[in-house]
2 protein chains.
Amino acid sequence: MLSDVMEDYLKAIYQIQSTSGAPVATSAVAEYLGKTPPTVTSMFGKLEERGLLEREKYKGVELTEEGETVALEVLRHHRLLEAYLAEHLDYSWSEVHDEADALEHHISEEFERRVAEVLGNPTVDPHGDPIPTADLAPIDHEEADTLGDHGVGDRVVVTRVSDREEEELEYLENAGVLPGTRLDVVDVAPFGMVTVRTEGGDEQSLPDSVAASIRVRPFEGDPAGGETNGTGDDSDGSNGEVPTT
Amino acid sequence: MLSDVMEDYLKAIYQIQSTSGAPVATSAVAEYLGKTPPTVTSMFGKLEERGLLEREKYKGVELTEEGETVALEVLRHHRLLEAYLAEHLDYSWSEVHDEADALEHHISEEFERRVAEVLGNPTVDPHGDPIPTADLAPIDHEEADTLGDHGVGDRVVVTRVSDREEEELEYLENAGVLPGTRLDVVDVAPFGMVTVRTEGGDEQSLPDSVAASIRVRPFEGDPAGGETNGTGDDSDGSNGEVPTT
DNA sequence: TATTTCCTTTAGATGCGTCTAAATCCTCGC
DNA sequence: GCGAGGATTTAGACGCATCTAAAGGAAATA
């Protein structure tokens, strides 16, 4: 009934709404999806007609309950696929996104069910993003600390790294900064740079923009750096984590 | 570069070409894809412009080498997906087709590689259809015996059951007629019906139309019916089999 | 407050894939 | 060898998703 493109718009609006709050601007969606503003305006009209969003002219849009449900469905497909690709087809953490984007509109409900079952109904994907439940219940979008919020001496565990830049994800993957990784903040430079010690003992410096996209929670446990984590095996979501991407 | 729809046309032309021979009629493609003849004519024009097929007006079309390569690529995706779904996601033999159709245009080369690897580079899919090799070398389309070619007393092994009717496949699956199954022909009725004994000892009667879509080879080995086969584990293609679907 | 600047929307056009209706061509039977 | 019937193609239209160019509204600044 809905086209792939419409699903993409709903997903985009949902994501922007989740991070930046309610009325979502035409230009924000245009930039997110790589379309021109008139194209977006035109699609807003169609989605409004179908009752998937509400529009206040020149102000922006907001998803209706129905529109949000569609977005959650697509997001569930996306994140289940990411988890599956990482776990069963040996995709690296940074590679999963594009493949999931390509497939998310085309899998059947049956496929969704079976993938979820094989994975043991995971609650987070390899980036630490929460996977909507099968009943597509709304997700609670609490604000979580980011690495950028912390100062020297703080010890944290990475919970989520959501970013659409594959290169950035690749870099972090190589640096050993993944969901589940423990980090010690060893320096905060005044010009927008955070330096952390990873579990392996290496030090990594990250620009603020990157640090701001790394969600963390305070670490409680042993001090020194052992060999605790791996890539994406925390698939039961026991880190008290929250939505956004 | 090519749209999903174009790929579908090329695949359809390839399939028809493989079974019914060279110039493929507009109407044949129209029926195969559920489109009207003018729509097909129009698409033939576009595919010709791109050098993917050759057209003789009012006669029909034939794929160029390039067009055939595209068709083989799509078919490789399709059949690898079918094999993967059956083997790793617990799909039944009759369910795989539709899901593979939906996904075949959207998987990356990387995905293709990894699926092939996980499956151990299978040469046939769960229906017994040959999977094009990674280099997309042309497939040799020999004619194989069908169940309908055989008479009372013949003992055969099913090599391929290619059909687009899900219900028919479901029926055969329940009847225990699958690639690898041994069958004894016990009766051939004059009004278009073949009766076979399956490995389990059950007798099944099948109309000629169905018998004609079941490819077989003569059975050489022990007589009686044991418990040899399963559903789709003959994925190395050791049955000397041939193309069509 | 007036103006400038930026954002959004309207207007109009394009390419794709599809359709129906009508014209054209091929072939088979007489 | 001619005509009838069936297949194919042309003609013309439509909906979708997109664009560029131009017009209109909102908000910030002077």
Side-chain angles (χ1 to χ4, degrees), chain A residues 1-14 16-17 19-63 67 70-71 74 101-102 104-106, chain B residues 1-14 16-17 19-63 67 70-71 74 101-102 104-106:
Chain A
M1 206 72 267
L2 292 184
S3 69
D4 300 355
V5 172
M6 285 176 173
E7 289 184 356
D8 280 335
Y9 278 84
L10 294 172
K11 186 176 75 159
I13 295 165
Y14 180 84
I16 297 168
Q17 197 170 273
T19 36
S20 319
V24 173
T26 305
S27 52
V29 175
E31 186 179 357
Y32 192 95
L33 293 174
K35 307 281 164 75
T36 62
T39 300
V40 174
T41 296
S42 148
M43 183 56 79
F44 279 179
K46 290 168 198 167
L47 295 172
E48 188 182 26
E49 271 179 19
R50 296 192 186 223
L52 297 165
L53 54 77
E54 270 157 25
R55 194 148 72 119
E56 205 176 339
K57 267 205 190 161
Y58 294 99
K59 287 290 164 46
V61 296
E62 190 163 352
L63 294 180
V70 173
V74 177
D101 252 7
E104 64 190 6
H105 306 296
H106 305 106
Chain B
M1 207 73 265
L2 291 183
S3 69
D4 299 356
V5 172
M6 285 178 173
E7 290 184 355
D8 280 334
Y9 277 84
L10 294 173
K11 185 175 76 159
I13 295 165
Y14 180 84
I16 297 168
Q17 198 171 273
T19 35
S20 318
V24 173
T26 305
S27 53
V29 175
E31 186 177 357
Y32 192 95
L33 292 175
K35 307 281 165 74
T36 62
T39 301
V40 174
T41 295
S42 146
M43 184 55 80
F44 279 179
K46 289 169 198 167
L47 295 171
E48 189 183 24
E49 271 179 20
R50 297 192 186 223
L52 297 165
L53 54 76
E54 270 158 27
R55 194 148 72 119
E56 204 175 340
K57 266 203 188 162
Y58 294 99
K59 285 290 165 45
V61 296
E62 190 164 351
L63 294 179
V70 173
V74 177
D101 252 8
E104 63 189 6
H105 306 296
H106 305 104

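In the text below, chain A, chain B and the rest are named by the order of the sequence lines, each starting its count at 1.
Checking D:dT18, D:dA11, C:dC26 against every side-chain atom of B:Y58, the shortest atom distance belongs to C:dC26. Comparing C:dT10, D:dA17, C:dC19 by their nearest atom to the side chain of A:P38 picks out C:dT10. The nucleotide whose nearest atom lies closest to any side-chain atom of B:S27 is, among D:dT18, D:dT9, D:dA7, D:dA7. Comparing atom distances between the A:T41 side chain and each of C:dT18, C:dT10, D:dA17 picks out C:dT10 as nearest. Minimum atom distance to the side chain of A:K46 is reached by D:dT18, of the listed C:dT10, C:dG17, D:dT18. Minimum atom distance to the side chain of B:P37 is reached by D:dT9, of the listed C:dA11, D:dT9, C:dT18.
In terms of modelled atom types and a separation under 3.5 Å, the side chain of B:T19 and the main chain of B:I16 share a donor-acceptor contact. With hydrogens and angles disregarded, a donor-acceptor distance shorter than 3.5 Å links the side chain of A:T41 to the backbone of A:P37.
Across A:K11 and A:E104, no two heavy atoms sit closer than the pair NZ-OE2, 2.8 Å. When all heavy atoms of B:A30 and B:T36 are compared, the pair lying nearest together is CB-C, 4.1 Å.
The distance between atom NZ of A:K35 and atom P of C:dT9, rounded to the nearest whole Å, is 17 Å. Between the C1' atom of C:dC16 and the CG atom of B:L47 lies a distance of 13 Å, rounded to the nearest Å. In this structure, CD of A:E56 is placed 11 Å from P of C:dT9, rounded to the nearest angstrom. Atoms CD (B:E31) and C1' (D:dG6) sit 15 Å apart, rounded to a whole Å. Remark: P of D:dA17 and CG of A:L10 are 12 Å apart, rounded to the nearest angstrom. One can place CD of A:E7 at 16 Å from P of D:dC16, the figure rounded to the nearest angstrom. Summarising the geometry, the separation between CZ on B:R50 and P on C:dG15 is reported as 13 Å, rounded to the nearest angstrom. For B:D8 and C:dG17, the CG to C1' distance is 12 Å, given to the nearest whole Å.
In this structure, A:T39 reaches the D:dC19 phosphate: one of its side-chain N or O atoms is under 4.0 Å from OP1 or OP2. Contact annotation: B:R55 side-chain N/O to D:dT8 OP1/OP2 distance is not under 4.0 Å. Not one side-chain nitrogen or oxygen of A:K57 sits closer than 4.0 Å to the OP1 or OP2 atom of D:dG24. At least one side-chain nitrogen or oxygen of B:T36 sits closer than 4.0 Å to the OP1 or OP2 atom of C:dC19.
Residue B:F44 is classed as having no contact, given no heavy-atom separation below 4.0 Å to the nucleic acid.
Side-chain contact between A:V40 and A:Y9 is present, with heavy atoms from C-beta onward closer than 4.5 Å. The shortest side-chain heavy-atom distance between A:I13 and A:V61 falls under the 4.5 Å cut-off.
Positionally, the nearest nucleotide of DNA chain D for A:S3 lies more toward the 5' end than for the other of A:S3 and A:K59. Toward the 5′ end of DNA chain D lies the nearest nucleotide of B:S42, the other residue of the pair A:M43 and B:S42 mapping further downstream.
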